[in-house]
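Heavy atoms only: backbone and side chains are in, while hydrogens, waters and symmetry mates are out.
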Amino acid sequence: MSLQIAIDGPAASGKSTVAKLLAARLNGLYVNTGEMYRAVAGAAFKLGINPKTNPQDLIKHLPEWTLEYRLDEQKGCLELFFNNQPVDHAFLRSQEVSAIVSLVSAIPEVRDWMLQKQRDCAKLPIIIMEGRDIQTVVLPNATYKFFITATPEERARRRLAQGEYPPGTTIEEIARLIAERDRIDSTRAVAPLKPAPDAFVIVTDNMTPDDVVDKMIEYMQKNPRP
Ligand code: CDP
(Lines give C-alpha, C1' and ligand atoms only; values in the text may rest on other atoms or scores of the structure.)
Protein backbone atom coordinates (compact mmCIF):
# COMPACT_ATOMS: atom_id res chain seq x y z
CA MET A 1 0.00 0.00 0.00
CA SER A 2 1.44 3.38 -0.96
CA LEU A 3 1.56 6.43 1.31
CA GLN A 4 -0.84 9.01 -0.07
CA ILE A 5 -0.90 12.50 1.42
CA ALA A 6 -3.71 14.76 0.21
CA ILE A 7 -3.25 18.50 0.74
CA ASP A 8 -6.02 20.93 -0.14
CA GLY A 9 -6.65 24.59 0.53
CA PRO A 10 -7.56 27.93 -1.01
CA ALA A 11 -5.46 30.08 -3.36
CA ALA A 12 -2.16 31.37 -1.99
CA SER A 13 -2.48 29.47 1.28
CA GLY A 14 1.11 28.25 0.95
CA LYS A 15 0.12 24.67 0.26
CA SER A 16 2.46 24.27 -2.74
CA THR A 17 5.44 25.36 -0.68
CA VAL A 18 4.65 23.01 2.18
CA ALA A 19 3.71 20.14 -0.16
CA LYS A 20 7.11 20.41 -1.87
CA LEU A 21 8.95 20.61 1.47
CA LEU A 22 7.02 17.64 2.83
CA ALA A 23 7.81 15.63 -0.31
CA ALA A 24 11.52 16.41 0.18
CA ARG A 25 11.40 15.44 3.87
CA LEU A 26 9.60 12.14 3.15
CA ASN A 27 11.53 11.37 -0.02
CA GLY A 28 8.22 11.30 -1.88
CA LEU A 29 6.94 12.65 -5.18
CA TYR A 30 4.96 15.86 -5.43
CA VAL A 31 1.95 16.32 -7.71
CA ASN A 32 0.48 19.79 -8.21
CA THR A 33 -3.02 19.30 -9.60
CA GLY A 34 -3.49 23.09 -9.86
CA GLU A 35 -0.74 23.05 -12.44
CA MET A 36 -2.67 20.39 -14.37
CA TYR A 37 -5.74 22.68 -14.49
CA ARG A 38 -3.50 25.58 -15.42
CA ALA A 39 -2.12 23.55 -18.37
CA VAL A 40 -5.65 23.15 -19.76
CA ALA A 41 -6.45 26.81 -19.06
CA GLY A 42 -3.22 27.80 -20.85
CA ALA A 43 -4.21 25.78 -23.91
CA ALA A 44 -7.68 27.39 -23.89
CA PHE A 45 -6.10 30.83 -23.61
CA LYS A 46 -3.79 30.18 -26.57
CA LEU A 47 -6.79 29.11 -28.66
CA GLY A 48 -8.70 32.25 -27.64
CA ILE A 49 -11.50 30.22 -26.03
CA ASN A 50 -13.74 31.93 -23.47
CA PRO A 51 -14.41 29.10 -20.95
CA LYS A 52 -17.35 30.94 -19.40
CA THR A 53 -19.38 31.65 -22.52
CA ASN A 54 -18.11 28.84 -24.80
CA PRO A 55 -17.11 25.81 -22.70
CA GLN A 56 -18.04 23.50 -25.60
CA ASP A 57 -15.18 24.96 -27.65
CA LEU A 58 -12.79 23.71 -24.99
CA ILE A 59 -14.55 20.39 -24.30
CA LYS A 60 -14.28 19.33 -27.94
CA HIS A 61 -10.47 19.49 -27.74
CA LEU A 62 -10.14 17.26 -24.67
CA PRO A 63 -10.00 13.94 -26.59
CA GLU A 64 -7.02 15.20 -28.66
CA TRP A 65 -5.01 16.47 -25.69
CA THR A 66 -2.64 14.50 -23.47
CA LEU A 67 -1.46 15.51 -20.00
CA GLU A 68 0.78 13.45 -17.75
CA TYR A 69 3.43 13.60 -15.08
CA ARG A 70 6.66 11.81 -16.03
CA LEU A 71 9.38 10.87 -13.60
CA ASP A 72 12.62 12.77 -14.15
CA GLU A 73 15.04 10.13 -12.84
CA GLN A 74 17.96 12.56 -12.61
CA LYS A 75 16.13 15.24 -10.63
CA GLY A 76 14.09 12.66 -8.73
CA CYS A 77 10.84 14.57 -9.29
CA LEU A 78 7.79 14.53 -11.54
CA GLU A 79 7.56 16.85 -14.55
CA LEU A 80 4.27 17.76 -16.20
CA PHE A 81 3.90 17.22 -19.97
CA PHE A 82 1.07 18.64 -22.07
CA ASN A 83 0.81 17.13 -25.56
CA ASN A 84 4.23 15.54 -24.99
CA GLN A 85 5.93 18.89 -24.27
CA PRO A 86 7.15 19.99 -20.82
CA VAL A 87 4.85 22.77 -19.60
CA ASP A 88 6.03 26.39 -19.38
CA HIS A 89 5.72 27.07 -15.63
CA ALA A 90 6.03 30.87 -15.94
CA PHE A 91 3.26 31.03 -18.54
CA LEU A 92 1.01 28.79 -16.43
CA ARG A 93 1.37 31.20 -13.50
CA SER A 94 0.75 34.31 -15.64
CA GLN A 95 -2.16 36.64 -14.90
CA GLU A 96 -3.85 35.60 -18.16
CA VAL A 97 -3.98 31.96 -17.09
CA SER A 98 -4.81 32.75 -13.43
CA ALA A 99 -7.76 34.85 -14.59
CA ILE A 100 -9.48 31.92 -16.36
CA VAL A 101 -8.26 28.81 -14.54
CA SER A 102 -11.16 28.68 -12.06
CA LEU A 103 -13.65 28.96 -14.92
CA VAL A 104 -11.91 26.11 -16.75
CA SER A 105 -11.73 23.92 -13.65
CA ALA A 106 -15.46 24.41 -12.97
CA ILE A 107 -16.36 22.66 -16.26
CA PRO A 108 -17.51 19.13 -15.26
CA GLU A 109 -16.12 17.54 -18.46
CA VAL A 110 -12.68 18.98 -17.69
CA ARG A 111 -12.79 17.52 -14.16
CA ASP A 112 -13.89 14.11 -15.51
CA TRP A 113 -11.04 14.17 -18.01
CA MET A 114 -8.57 15.02 -15.23
CA LEU A 115 -9.66 12.51 -12.58
CA GLN A 116 -8.07 9.32 -13.89
CA LYS A 117 -4.85 11.14 -14.77
CA GLN A 118 -4.58 12.31 -11.16
CA ARG A 119 -5.45 8.91 -9.72
CA ASP A 120 -2.80 7.29 -11.93
CA CYS A 121 -0.14 9.44 -10.18
CA ALA A 122 -1.25 8.04 -6.84
CA LYS A 123 0.04 4.58 -7.81
CA LEU A 124 3.57 5.80 -7.03
CA PRO A 125 4.98 4.63 -3.65
CA ILE A 126 4.98 7.94 -1.71
CA ILE A 127 2.83 10.66 -3.19
CA ILE A 128 2.07 14.15 -1.93
CA MET A 129 -0.80 15.50 -4.01
CA GLU A 130 -1.99 19.07 -3.69
CA GLY A 131 -5.14 20.80 -4.96
CA ARG A 132 -8.73 21.63 -4.08
CA ASP A 133 -10.57 18.28 -4.15
CA ILE A 134 -7.85 15.74 -3.49
CA GLN A 135 -9.14 14.62 -0.07
CA THR A 136 -12.80 14.75 -1.04
CA VAL A 137 -12.86 13.40 -4.62
CA VAL A 138 -9.54 12.33 -6.15
CA LEU A 139 -8.11 10.32 -3.22
CA PRO A 140 -10.91 9.98 -0.65
CA ASN A 141 -8.98 7.10 0.95
CA ALA A 142 -5.69 9.00 1.22
CA THR A 143 -3.51 7.94 4.15
CA TYR A 144 -3.42 11.52 5.50
CA LYS A 145 -5.55 14.56 4.65
CA PHE A 146 -4.42 18.10 5.39
CA PHE A 147 -6.33 21.32 4.76
CA ILE A 148 -3.91 24.25 4.67
CA THR A 149 -5.35 27.73 4.92
CA ALA A 150 -4.62 31.29 6.09
CA THR A 151 -6.59 34.50 6.51
CA PRO A 152 -7.36 36.41 3.27
CA GLU A 153 -5.00 39.27 4.27
CA GLU A 154 -2.13 36.89 4.88
CA ARG A 155 -2.75 35.09 1.58
CA ALA A 156 -2.75 38.40 -0.35
CA ARG A 157 0.53 39.36 1.36
CA ARG A 158 2.11 36.04 0.40
CA ARG A 159 1.01 36.32 -3.22
CA LEU A 160 2.34 39.87 -3.45
CA ALA A 161 5.68 38.66 -2.11
CA GLN A 162 5.80 35.95 -4.81
CA GLY A 163 6.16 38.72 -7.39
CA GLU A 164 3.69 37.27 -9.90
CA TYR A 165 1.82 40.55 -10.31
CA PRO A 166 2.92 43.56 -12.39
CA PRO A 167 4.76 46.24 -10.38
CA GLY A 168 2.34 48.63 -8.72
CA THR A 169 -0.41 46.05 -8.16
CA THR A 170 -1.93 46.80 -4.77
CA ILE A 171 -2.56 44.30 -2.02
CA GLU A 172 -6.28 45.17 -2.20
CA GLU A 173 -6.36 44.23 -5.90
CA ILE A 174 -4.62 40.93 -5.23
CA ALA A 175 -7.00 40.21 -2.33
CA ARG A 176 -9.93 40.86 -4.68
CA LEU A 177 -8.59 38.48 -7.36
CA ILE A 178 -7.90 35.76 -4.79
CA ALA A 179 -11.35 36.19 -3.24
CA GLU A 180 -12.99 35.86 -6.66
CA ARG A 181 -11.10 32.61 -7.38
CA ASP A 182 -12.00 31.26 -3.91
CA ARG A 183 -15.64 32.13 -4.52
CA ILE A 184 -15.75 30.20 -7.82
CA ASP A 185 -13.75 27.25 -6.39
CA SER A 186 -15.90 26.94 -3.24
CA THR A 187 -19.32 27.36 -4.82
CA ARG A 188 -19.02 25.28 -8.00
CA ALA A 189 -21.39 22.35 -8.37
CA VAL A 190 -18.70 19.72 -8.98
CA ALA A 191 -15.93 19.03 -6.44
CA PRO A 192 -16.03 22.35 -4.55
CA LEU A 193 -13.14 23.33 -2.30
CA LYS A 194 -13.79 22.13 1.27
CA PRO A 195 -12.00 20.09 3.92
CA ALA A 196 -12.90 16.40 4.26
CA PRO A 197 -14.58 15.63 7.61
CA ASP A 198 -11.44 13.74 8.71
CA ALA A 199 -8.94 16.38 7.55
CA PHE A 200 -6.38 17.98 9.87
CA VAL A 201 -6.85 21.73 9.31
CA ILE A 202 -3.87 24.06 9.74
CA VAL A 203 -4.30 27.85 9.74
CA THR A 204 -0.83 29.01 8.78
CA ASP A 205 -0.80 32.74 9.68
CA ASN A 206 2.38 33.48 11.65
CA MET A 207 3.89 30.11 10.72
CA THR A 208 6.89 29.51 8.47
CA PRO A 209 6.64 26.74 5.86
CA ASP A 210 8.96 24.63 8.04
CA ASP A 211 6.66 25.16 11.05
CA VAL A 212 3.75 23.85 8.97
CA VAL A 213 5.68 20.80 7.77
CA ASP A 214 6.82 20.07 11.35
CA LYS A 215 3.20 20.17 12.44
CA MET A 216 2.16 17.80 9.65
CA ILE A 217 4.92 15.32 10.50
CA GLU A 218 4.05 15.51 14.21
CA TYR A 219 0.41 14.78 13.35
CA MET A 220 1.42 11.75 11.25
CA GLN A 221 3.66 10.44 14.04
CA LYS A 222 0.86 10.82 16.59
CA ASN A 223 -1.65 9.17 14.26
CA PRO A 224 0.14 6.16 12.76
CA ARG A 225 -1.82 4.30 10.10
CA PRO A 226 -1.92 0.49 9.99
O1 CDP B 1 -1.37 28.14 -6.59
P2 CDP B 1 -2.77 28.67 -6.43
O3 CDP B 1 -3.25 28.55 -5.04
O4 CDP B 1 -2.96 30.02 -7.01
O5 CDP B 1 -3.74 27.78 -7.31
P6 CDP B 1 -3.45 26.42 -8.04
O7 CDP B 1 -3.22 25.33 -7.03
O8 CDP B 1 -2.41 26.62 -9.08
O9 CDP B 1 -4.86 26.09 -8.74
C10 CDP B 1 -5.36 26.89 -9.77
C11 CDP B 1 -6.85 26.65 -9.92
O12 CDP B 1 -7.08 25.31 -10.40
C13 CDP B 1 -7.69 26.75 -8.66
O14 CDP B 1 -8.07 28.09 -8.37
C15 CDP B 1 -8.89 25.88 -9.01
O16 CDP B 1 -9.82 26.59 -9.79
C17 CDP B 1 -8.29 24.80 -9.88
N18 CDP B 1 -8.05 23.54 -9.18
C19 CDP B 1 -9.11 22.69 -8.98
O20 CDP B 1 -10.24 23.02 -9.32
N21 CDP B 1 -8.92 21.47 -8.42
C22 CDP B 1 -7.70 21.08 -8.03
N23 CDP B 1 -7.54 19.87 -7.49
C24 CDP B 1 -6.60 21.95 -8.18
C25 CDP B 1 -6.80 23.20 -8.75
Go through E68 and N84 one step at a time and tell me if the side chain to side chain contact (heavy atoms under 4.5 Å, CB included) criterion holds. CA-CA 8 Å; E68 84 251 335; N84 296 313; 4.0 Å; yes
Side chain to side chain contact (heavy atoms under 4.5 Å, CB included), that's the test. Do I134 and I7 meet it? Break it down for me. CA-CA 7 Å; I134 310 306; I7 303 178; over 6 Å; no
Chi angles and distances behind the side-chain hydrogen bond (donor to acceptor under 3.5 Å, both in side chains) call for Q162, R159: CA-CA 5 Å; Q162 277 176 321; R159 194 77 351 145; 2.7 Å; yes
Please walk me through it: do S98 and R38 pass side-chain hydrogen bond (donor to acceptor under 3.5 Å, both in side chains)? CA-CA 8 Å; S98 293; R38 284 174 182 271; 3.0 Å; yes
Given F146 and V212, is the side chain to side chain contact (heavy atoms under 4.5 Å, CB included) satisfied, shown in steps? CA-CA 11 Å; F146 294 101; V212 181; over 6 Å; no
For R183 and S102: C-alpha separation, side-chain torsions, deciding distance, then whether side-chain hydrogen bond (donor to acceptor under 3.5 Å, both in side chains) applies. CA-CA 9 Å; R183 189 191 62 76; S102 288; over 6 Å; no
Please test K46 against E96 for side chain to side chain contact (heavy atoms under 4.5 Å, CB included), starting from the C-alpha separation and ending with a verdict. CA-CA 10 Å; K46 284 184 179 161; E96 290 78 7; over 6 Å; no
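In this structure a side-chain-to-backbone donor-acceptor pair under 3.5 Å is missing from N54 to I49. For the pair R155 (side chain) and A12 (backbone), a donor-acceptor distance under 3.5 Å is absent. In this structure, the side chain of R188 does not engage the main chain of A106 through any donor-acceptor pair within 3.5 Å. The backbone N or O of N223 sits less than 3.5 Å from a side-chain atom of R225, completing a donor-acceptor pair.
A salt bridge between R157 and D205 is absent, with no side-chain N of the basic residue lying under 4.0 Å from a carboxylate O of the acidic one. Between R132 and D182, none of the side-chain N atoms (NZ, or NE/NH1/NH2) sits under 4.0 Å from a carboxylate O, so this pair counts as no salt bridge. Between K222 and E218 there is a salt bridge, since a side-chain N of the basic residue sits under 4.0 Å from a carboxylate O of the acidic one.
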In residues 194-204, what donor-acceptor pairs under 3.5 Å come from side-chain atoms, sequence neighbours left out?
residue: D198; atom: OD1; partner: K145; partner atom: NZ; Å: 3.3
residue: D198; atom: OD2; partner: K145; partner atom: NZ; Å: 3.4
residue: T204; atom: OG1; partner: T149; partner atom: O; Å: 3.0
residue: T204; atom: OG1; partner: R158; partner atom: NH1; Å: 2.9
residue: T204; atom: OG1; partner: R158; partner atom: NH2; Å: 3.2

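Between S2 and A122, the shortest heavy-atom contact is OG-O, 3.5 Å. The minimum heavy-atom distance linking P224 with Y144 is given by the pair CA-OH, 3.7 Å. Here the shortest heavy-atom pairing between N50 and T53 reads CG-OG1, 3.0 Å. The minimum heavy-atom distance linking P140 with T136 is given by the pair CB-O, 4.1 Å. Taking every heavy atom of both residues into account, P51 and I107 meet most closely at O-CD1, 4.0 Å. Here the closest heavy-atom approach between residue P10 and residue L193 is recorded as CA-CD2, 3.7 Å.
Surrounding NZ of K215 are at most 12 heavy atoms belonging to other residues, nucleotides or ligands under 6.0 Å away. Applying the 6.0 Å contact sphere to CG of N27 captures no more than 12 heavy atoms from other residues, nucleotides or ligands.
Both L80 and V101 belong to a single network of hydrophobic side chains, linked directly or stepwise wherever heavy atoms of I, L, V, M, F, W or Y lie under 4.5 Å apart. V104 and V190 fall into different hydrophobic clusters, where Ile, Leu, Val, Met, Phe, Trp and Tyr residues are linked whenever their side-chain heavy atoms come under 4.5 Å apart, directly or through other members. Linking Ile, Leu, Val, Met, Phe, Trp and Tyr residues whenever their side-chain heavy atoms come within less than 4.5 Å places V40 and M129 in a single cluster. L29 and M216 are not part of a single hydrophobic cluster, where members link through side-chain heavy atoms under 4.5 Å apart. Both V18 and I5 belong to a common hydrophobic cluster when Ile, Leu, Val, Met, Phe, Trp and Tyr are linked at side-chain heavy-atom distances under 4.5 angstrom.
Taking CE of M36 as the start and CG of L92 as the end, the distance is 12.0 Å to the nearest 0.5 Å. Here the straight-line distance linking atom CG of L78 with atom CG of L71 works out to 5.5 Å at 0.5 Å rounding. Taking CG of L160 as the reference point, atom CD1 of I171 lies at 5.0 Å (rounded to 0.5 Å). One distance of note links CZ of R93 with CD of Q95; it measures 9.5 Å at 0.5 Å rounding. With values rounded to the nearest 0.5 angstrom, I127 atom CD1 is found 8.0 Å from Q4 atom CD. Residue E109 holds its CD atom at 14.0 Å from NZ of K60, rounded to the nearest 0.5 Å.
Between F91 and V97, some side-chain heavy-atom pair lies under the 4.5 Å cut-off. Residues E173 and L177 meet the side-chain proximity criterion, which asks for heavy atoms closer than 4.5 Å. At least one side-chain heavy atom of I126 sits less than 4.5 Å from a side-chain heavy atom of I128. Side-chain contact between L22 and Y30 is absent, with no heavy-atom pair separated by less than 4.5 Å. Two residues are said to be in side-chain contact when any heavy atoms from C-beta on lie closer than 4.5 Å; W65 and L58 meet this criterion. Residues P152 and I178 are not in side-chain contact: their nearest non-hydrogen atoms beyond the backbone lie 4.5 Å or more apart. Between L67 and M114, some side-chain heavy-atom pair lies under the 4.5 Å cut-off.
Applying the side-chain contact (heavy atoms from CB on, under 4.5 Å) test between R111 and each of V137, V138, D133 identifies D133 as the sole match. With respect to Y69, the side chain to side chain donor-acceptor pair (under 3.5 Å) criterion is satisfied by exactly one of Q118, E35, K117: E35.
Pairs engaging residues 13-24 under the side chain to side chain donor-acceptor pair (under 3.5 Å) rule: S16-E130 [sequence neighbours left out].
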